[in-house]
Number of protein chains: 2
Amino acid sequence: MNGIDPKLTAGPASLQRSGGGPLWRQLVEDLRRRLDSDAFSDGFPGEMALVDEYGLSRQTVRHALKVLRDEGRVVASRGRPPRQAAPAELAQRLGTLYSLHESVRSLGLDQRSVVHTLDVRADGVYAHRLGLEESTPLVYLERLRFAGDEPLAIDQVWLPHDLAAPLLEADFSTTALYERYSTLCGVTVTGGAERIQAVIPTPHERRLLKAEADTAALVIRRLGTAKGRSVEFRRTLVRGDRFELHSDFAGQDGYHLDLLRSPHPKQCR
Amino acid sequence: MNGIDPKLTAGPASLQRSGGGPLWRQLVEDLRRRLDSDAFSDGFPGEMALVDEYGLSRQTVRHALKVLRDEGRVVASRGRPPRQAAPAELAQRLGTLYSLHESVRSLGLDQRSVVHTLDVRADGVYAHRLGLEESTPLVYLERLRFAGDEPLAIDQVWLPHDLAAPLLEADFSTTALYERYSTLCGVTVTGGAERIQAVIPTPHERRLLKAEADTAALVIRRLGTAKGRSVEFRRTLVRGDRFELHSDFAGQDGYHLDLLRSPHPKQCR
DNA sequence: ACTAATTTGTTCGTATGTATG
DNA sequence: ACATACATACGAACAAATTAG
């Protein structure tokens, strides 16, 4: 019937009434595909528009939209005439690193950063981690992040130069990389993965962090993606004596990185 | 009308058609209460049974059941004559510590443990963490856990003696605390919280773990709850050179503790 | 092994009340 | 006031899977 590959069109795909799984799930996947391919840049369709477009009931459309809202990809509020797409809905709960930022902010502390390096370079290792050729130029940003007066983390970020070139002129002393990546380059990190390890900082790192000799640290490595492409590799070294992860698993909250309440627990049985 | 306090009965409470919030939420709370008070031990009622029992529509009942399914307290599938309750659905995705167990098992490694201590003691600090009087007797279990030949973690557990007394006769060399806590004591851990920190092991701990001098470690402290009561405090010290946390945040997978692929990454920029 | 009954999963239609722009 | 959208709730129908006989 439809000769065009639905994966390559911005319009709606035809849904299978049977055998293709629940209709609402098919709708979710199709809308995700269209969101990723930058359809809806002129406004997300309303519920009734989707009902007409796909030939589904309102309840089914609503079920699909609820999934997208829960994912944070669509925002909605009562009475808004069209629906509002949220592909530029700045970093919501993007894993642990974002919760670090929120944790520090919620304590009323400054989010200062000192930029150590901001340049363009070729680095085969990190280009490879971003899924790029080894000679691909990368924007490299290295900062020392503070919470109030004390240094808390060393942050190293590698970004593809073809996307991140405008950032070379930006000021990162207030730690708003994602905001600038989005507004200056049109790249909004919406997914990815993090790996967290316990390590002992090198003497150099320890000096930068002003940490005691017997202090461990958390290394967080993040690969951030946008629209299916890897757009960020980040390595953050967080002082282990000031931060910890915690999680409730009665609900399904996931993990958050928070400031410790006690100043220096060290072993702290 | 109903002279008996509904909080103390195993039967259904009467729901308020207005003023008591959404009917489905009242249903959820009432079913949670009944699950906690060990009703349904002879089988969870089906959808239609609940429709009759509470006088609601099937959709409203299903809405409530969906919440309970998402919580993991109820499982369901098509065609199964009654519904199946899952209050004894042994440790499903109980946070990071369980994923450690799964990670080691999925690599085909033995889960041996060497029990260092298993006794009854009073410890004000840990009794307090369990929400008990400081003089309350606790069952204390300390094990060294292995994955294959190498030691991976030191595990210390404190349990209320009035619940865990039968465990004093059990064998914990195969690391199945939760299974035995459930079958021998009728206590099934269903919720709780974890805190994770990076630390440097003490020399004693380092010797037990056979770790190098420049190895950091993760401390995981877990407070486990069952039916609203704290039933477990656990401190697990995991070798930082063998384990790491990782997480995808495109979906909402949460964090998992996994064995590292590389044998000794140490700093591993 | 087959059929029929049961039960859940999914979707539709419909309706009321509420909140927002 | 009005349109739009959300939340809730009910009823009905069919599909899919399981169990009972």
Side-chain angles (χ1 to χ4, degrees), chain A residues 12-32 35 40 42-86 89, chain B residues 12-32 34-35 40 42-87 89:
Chain A
S14 56
L15 273 40
Q16 301 181 357
R17 305 298 290 200
S18 67
L23 284 175
W24 62 266
R25 192 178 297 277
Q26 293 184 52
L27 218 202
V28 167
E29 282 163 13
D30 196 53
L31 289 176
R32 268 202 284 250
L35 284 167
F40 309 142
D42 53 344
F44 196 87
E47 289 183 355
M48 296 317 290
L50 291 172
V51 167
D52 293 342
E53 200 169 15
Y54 286 90
L56 300 173
S57 80
R58 183 174 156 237
Q59 287 297 335
T60 307
V61 168
R62 283 184 54 68
H63 193 128
L65 290 177
K66 171 150 177 51
V67 174
L68 294 174
R69 268 181 320 209
D70 290 346
E71 281 176 1
R73 304 193 61 154
V74 165
V75 288
S77 58
R78 286 165 172 157
R80 290 252 191 68
R83 216 167 186 50
Q84 184 184 351
E89 194 56 68
Chain B
S14 56
L15 273 39
Q16 301 180 359
R17 304 297 291 199
S18 68
L23 288 175
W24 63 265
R25 190 178 297 277
Q26 295 183 52
L27 218 202
V28 167
E29 283 163 13
D30 196 51
L31 289 176
R32 266 203 284 251
R34 294 174 73 186
L35 283 168
F40 309 143
D42 52 346
F44 196 87
E47 290 180 354
M48 295 316 292
L50 291 172
V51 167
D52 294 340
E53 200 168 15
Y54 285 91
L56 301 173
S57 77
R58 186 177 163 221
Q59 287 300 330
T60 307
V61 168
R62 282 183 58 72
H63 192 127
L65 290 176
K66 172 151 176 47
V67 175
L68 294 175
R69 266 180 320 204
D70 290 346
E71 282 176 359
R73 304 193 61 154
V74 164
V75 288
S77 58
R78 282 170 171 157
R80 293 257 185 64
R83 216 168 181 48
Q84 185 183 351
E89 195 56 69

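Residue numbers start from 1 in every chain, and the chains themselves are labelled A, B, ... in the order their sequence lines are given, proteins ahead of strands.
With rounding to whole Å, Trp24(A) atom CH2 is found 13 Å from dT11(C) atom C1'. Rounded to an integer number of Å, the gap from Gln26(B) CD to dA7(D) P is 18 Å. A straight line from CG of Leu68(B) to C1' of dT8(C) spans 15 Å, rounded to a whole angstrom. In this structure, CG of Asp52(B) is placed 13 Å from P of dC10(D), rounded to the nearest angstrom. Rounded to a whole Å, the OH atom of Tyr54(B) is 14 Å from the P atom of dC10(D). The CD-C1' distance, from Glu47(B) to dG9(C), rounds to 8 Å in whole Å. Rounded to whole Å, atom P of dT7(C) lies 12 Å from atom CG of Leu50(B). Rounded to an integer number of Å, the gap from CE of Met48(B) to P of dT18(D) is 21 Å.
In this structure, Trp24(B) and Val67(B) have side chains that are in contact, with non-hydrogen atoms separated by less than 4.5 Å. Side-chain contact check for Leu50(B) versus Leu31(B): some heavy-atom pair is nearer than 4.5 Å. Residues Tyr54(A) and Asp30(A) are in side-chain contact: their nearest non-hydrogen atoms beyond the backbone lie under 4.5 Å apart.
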With 3.5 Å as the limit, what N/O pairs link the protein to nucleotides 13-15 of chain C?
none

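Shortest non-hydrogen contact noted between Leu27(B) and Thr60(B) is CD1-O, 4.4 Å. Across Gln26(B) and Gly21(B), no two heavy atoms sit closer than the pair NE2-O, 3.0 Å.
Considering only residues two or more places apart in sequence or on other chains, Glu53(B) meets the salt bridge (Lys or Arg N to Asp or Glu O under 4.0 Å) condition with Arg34(B). Listed by chain and number, the residues in a side chain to side chain donor-acceptor pair (under 3.5 Å) with Arg25(A) amount to none (sequence neighbours excluded).
OP1 or OP2 of dA7(D) lies within a sub-4.0 Å distance of a side-chain N or O belonging to Arg62(A). Between dC10(D) and Thr60(B), a contact under 4.0 Å exists linking OP1 or OP2 to a side-chain N or O.
Across the strands present, dA1(D) finds no partner; the criterion is a Watson-Crick or G-U wobble pair with both atom distances under 3.5 angstrom.
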